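The structure appears below as structure tokens.
Heads up: numbering here begins at 1 and tracks the sequence. Keep in mind the model is a prediction, meaning the values are calculated, not measured.
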Amino acid sequence: MDANEILDYCLAKKGVTETFPFDNETLVMKVGTKIFLLMGLERQPLGINVKTDPEWSAELREQHPQITGAFHMNKTHWNSVSIDGLKRDLIFKLIDHSYDLVFKSLTKKVQSEINDFT
């Protein structure tokens with residue numbers, strides 16, 4: 001799996017935008033105005049940061065050495081995920097979960113605007 005595949009997967013979701021607010025190497029994916037994924041484009045191996053339910057985070061970190069608390073972020077809610085060695089389905093599930101958590105945190109008005117737009 002490569003960065004373009006992750007980017008395309010994210011952009012296919014409703015209300016998603018891509019930005020580079022920090023530098024030219026850290027891609028930030030947002031739904032509405034909130035971040036649901038960060039990806040270091042120069043990082044090797046490729047990795048992403050995703051928001052995850054705290055209980056599931058603990059389970060994921062126990063089961064997969066590629067998943068750790070996200071650097072510079074709230075480690076209770078954010079995980080760094082090294083893509084190498086993880087199944088494609090799990091990566092997509094993590095992205096979906098992060099998107100869903102963030103989408104649900106948006107106001108009902110913003111959720112409605114996103115749903116009505118697409």
Side-chain angles (χ1 to χ4, degrees):
M1 178 170 288
D2 64 18
N4 287 327
E5 193 171 358
I6 292 170
L7 175 63
D8 291 344
Y9 187 78
C10 291
L11 288 173
K13 296 182 170 301
K14 291 181 179 183
V16 171
T17 56
E18 61 177 300
T19 63
F20 288 89
F22 308 118
D23 55 40
N24 292 332
E25 297 159 3
T26 306
L27 175 65
V28 174
M29 305 301 294
K30 294 181 178 182
V31 57
T33 59
K34 295 187 176 188
I35 296 171
F36 75 94
L37 181 139
L38 295 97
M39 179 168 44
L41 298 176
E42 299 297 320
R43 182 175 162 197
Q44 291 299 324
L46 181 63
I48 58 175
N49 286 3
V50 289
K51 192 166 190 173
T52 315
D53 175 80
E55 287 183 26
W56 195 34
S57 285
E59 182 181 321
L60 287 165
R61 291 174 192 174
E62 287 177 17
Q63 295 175 353
H64 305 281
Q66 302 94 324
I67 301 176
T68 60
F71 189 65
H72 287 308
M73 300 183 87
N74 182 329
K75 290 166 185 46
T76 302
H77 298 279
W78 286 88
N79 283 313
S80 286
V81 180
S82 180
I83 301 300
D84 280 358
L86 290 179
K87 292 184 178 180
R88 164 188 209 84
D89 290 347
L90 176 58
I91 296 164
F92 288 148
K93 186 175 180 178
L94 289 166
I95 295 169
D96 292 343
H97 182 74
S98 184
Y99 174 89
D100 291 343
L101 283 175
V102 174
F103 185 85
K104 289 176 188 172
S105 75
L106 300 171
T107 65
K108 296 292 181 194
K109 179 181 177 190
V110 173
Q111 288 179 20
S112 179
E113 289 170 355
I114 290 169
N115 283 327
D116 290 345
F117 182 73
T118 47

Requested in this report: Give a yes or no on whether N24 atom CG has more than 12 heavy-atom contacts from other residues, nucleotides or ligands under 6.0 Å away.
Outcome: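 Count not over threshold, so no.
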Requested in this report: For Q63, look at atom CD and say whether over 12 heavy atoms of other residues, nucleotides or ligands are found less than 6.0 Å away.
Outcome: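 For Q63, atom CD is crowded (more than 12 foreign heavy atoms under 6.0 Å).
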Query - Partner set under ring pair (Phe, Tyr, Trp, His ring centres under 6.0 Å) for F20, not counting sequence neighbours - result: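 If we apply the ring pair (Phe, Tyr, Trp, His ring centres under 6.0 Å) test to F20, skipping adjacent residues, there are no hits.
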Could you report the tightest heavy-atom contact between [X] and [Y], atom names first, then the distance?
{"X": "I95", "Y": "C10", "result": "CG2-SG, 3.8 Å"}
{"X": "L106", "Y": "Q111", "result": "O-NE2, 3.0 Å"}
{"X": "D84", "Y": "P45", "result": "OD2-CB, 3.1 Å"}

Report task. Could you check N79, T52, T68 and say which one makes a side-chain hydrogen bond (donor to acceptor under 3.5 Å, both in side chains) with R61? Result ->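 Exactly one pass, corresponding to N79.
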Joint cluster assignment, [X] & [Y], ILVMFWY side-chain distance < 4.5 Å:
{"X": "L11", "Y": "L38", "result": "no"}
{"X": "V50", "Y": "V28", "result": "no"}
{"X": "I91", "Y": "L101", "result": "no"}
{"X": "I83", "Y": "F92", "result": "yes"}
{"X": "L46", "Y": "L86", "result": "yes"}

Query - Listed partners of K13 passing salt bridge (charged side-chain N to carboxylate O under 4.0 Å, His left out), at least two apart - result: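 By the salt bridge (charged side-chain N to carboxylate O under 4.0 Å, His left out) rule, K13 matches D96.
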Which residues pass the side-chain hydrogen bond (donor to acceptor under 3.5 Å, both in side chains) test with [X], sequence neighbours left out?
{"X": "R43", "result": "none"}
{"X": "S80", "result": "N49"}
{"X": "S112", "result": "D116"}

Any heavy-atom pair between the side chains of [Y] and [X] that's under 4.5 Å?
{"X": "K14", "Y": "V31", "answer": "no"}
{"X": "I35", "Y": "V102", "answer": "no"}
{"X": "I67", "Y": "L94", "answer": "yes"}
{"X": "M29", "Y": "Y9", "answer": "no"}
{"X": "I6", "Y": "L27", "answer": "no"}

Query - Interatomic spacing from CG in L7 to CD1 in I48 - rounded to 0.5 Å - result: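 Answer for the CG-CD1 pair, L7 versus I48, is 12.0 Å.
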Query raised in the report: To the nearest 0.5 Å, what is the distance between OG (S82) and CD (Q44)?
Result: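 Spacing of OG (S82) from CD (Q44) equals 9.5 Å.
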Query raised in the report: Could you give all pairs that pass the ring pair (Phe, Tyr, Trp, His ring centres under 6.0 Å) test and reach residues 28-72, with sequence neighbours left out?
Result: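 Applying ring pair (Phe, Tyr, Trp, His ring centres under 6.0 Å) to every pair that reaches into residues 28-72, excluding sequence neighbours, yields F36-Y99, W56-H97.
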Query raised in the report: Looking only at atom types and distance, does a side-chain atom of K51 sit under 3.5 Å from a main-chain N or O of W78, one as donor and one as acceptor?
Result: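 Checking the backbone N and O of W78 against the side chain of K51, no donor-acceptor pair under 3.5 Å is found.
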